[in-house]
Amino acid sequence: MKVTSEMYLNTSQISNSQHQNYKEWRQHGSDVEDHHFSPPASKLITELVEKPKLGLTPDEAVVAEAKSELTVVLDVYQRLKKTSSGFLGGDKFTSADLTHSPNLHYLMGTPIRELFEPFSLLSSWCKELLTRPAWAKVVDLVRKHT
């Protein structure tokens, strides 16, 4: 079965920021990350970051499938960001944003970053997350200990 953004969101109703899907998404941003963003992101990180570090060749079929899945999620996020300001949960940085940061960090270091380019609001959000001073400290700590 082909996954589409309409499975996650009734696009005809997105313009109203009080729409129930939007409210639920804002309240459960971490759940969205866990169940929709993280699975394809994790597959891509395994294939494009971890396997090359081990001298292994990425499985192109896995990459293609995960890219397709991630594109659907990015489309949904972009549509929802049109009714949001700043961060996933609204005007403030929340755990919904924080839980995306590790995967985004690794994805932006791969050709997958190009998937984000057509999604201008998401691209801005990613840049905002990954340039936060606290995130820079996390990245520095990881680099020192790996």
Side-chain angles (χ1 to χ4, degrees), residues 1-11 14 17 19 21-146:
M1 169 174 57
K2 181 162 175 58
V3 178
T4 67
S5 59
E6 284 71 25
M7 292 177 175
Y8 297 109
L9 177 69
N10 182 341
T11 58
I14 192 61
S17 66
H19 184 268
N21 282 338
Y22 172 68
K23 287 172 35 180
E24 288 176 13
W25 180 77
R26 282 185 59 187
Q27 293 168 353
H28 305 291
S30 294
D31 289 339
V32 171
E33 191 275 338
D34 287 343
H35 301 292
H36 301 291
F37 179 81
S38 188
S42 294
K43 289 178 193 175
L44 290 164
I45 292 165
T46 297
E47 296 298 324
L48 301 174
V49 177
E50 297 303 324
K51 280 188 172 182
K53 283 182 184 177
L54 299 171
L56 301 172
T57 303
D59 183 329
E60 292 303 323
V62 172
V63 171
E65 180 182 357
K67 280 175 68 173
S68 177
E69 293 170 4
L70 185 61
T71 300
V72 170
V73 176
L74 297 179
D75 181 54
V76 171
Y77 280 18
Q78 177 75 9
R79 293 176 196 207
L80 291 168
K81 286 289 293 157
K82 288 179 182 178
T83 63
S84 169
S85 59
F87 300 101
L88 287 183
D91 295 334
K92 296 179 182 177
F93 180 81
T94 67
S95 62
D97 303 291
L98 181 62
T99 58
H100 285 76
S101 297
N103 284 337
L104 288 172
H105 170 77
Y106 288 108
L107 290 174
M108 292 301 126
T110 73
I112 297 304
R113 71 183 163 280
E114 295 171 3
L115 284 181
F116 288 77
E117 290 174 5
F119 304 103
S120 60
L121 297 173
L122 286 182
S123 293
S124 296
W125 170 70
C126 289
K127 184 178 179 180
E128 171 71 20
L129 290 183
L130 299 177
T131 59
R132 293 177 69 81
W135 183 250
K137 289 179 182 179
V138 170
V139 171
D140 286 342
L141 285 172
V142 170
R143 285 187 183 137
K144 288 178 184 175
H145 297 287
T146 54

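What you see is a predicted model; the values in this text were computed from it and never measured.
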Please report the C-alpha distance between L107 and L115 in whole Å, then the side-chain angles of each, then the deciding distance to 0.1 Å, and finally whether the side-chain contact (heavy atoms from CB on, under 4.5 Å) criterion is met. CA-CA 10 Å; L107 290 174; L115 284 181; over 6 Å; no
Please report the C-alpha distance between D97 and T94 in whole Å, then the side-chain angles of each, then the deciding distance to 0.1 Å, and finally whether the side-chain contact (heavy atoms from CB on, under 4.5 Å) criterion is met. CA-CA 5 Å; D97 303 291; T94 67; 3.5 Å; yes
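For V139, the side-chain contact (heavy atoms from CB on, under 4.5 Å) partners two or more places apart in sequence, or in a different chain, are H105, W135, R143.
Between the side chain of S42 and the main chain of P39, no donor-acceptor pair closer than 3.5 Å is present.
In this structure, the side chains of I112 and L48 come closer than 4.5 Å at one or more pairs of heavy atoms. Under the 4.5 Å side-chain criterion, counting only non-hydrogen atoms from C-beta, D59 is in contact with K51. Contact annotation: the side chain of S120 approaches that of Q78 to within less than 4.5 Å [non-hydrogen atoms, C-beta and beyond]. Residues L141 and K137 are not in side-chain contact: their nearest non-hydrogen atoms beyond the backbone lie 4.5 Å or more apart.
In terms of heavy-atom proximity, E65 sits nearest to K43 at OE2-NZ, 4.4 Å. The minimum heavy-atom distance between P52 and P58, with the atom names listed, is CG-CG, 4.3 Å. When all heavy atoms of D91 and F87 are compared, the pair lying nearest together is O-CD1, 3.6 Å.
Note that the CG atom of L122 and the NZ atom of K127 stand 15.0 Å from one another [nearest 0.5 Å].
Considering F116, F37, F119 in turn, F37 is the only one that fulfils the side-chain contact (heavy atoms from CB on, under 4.5 Å) rule with Y77.
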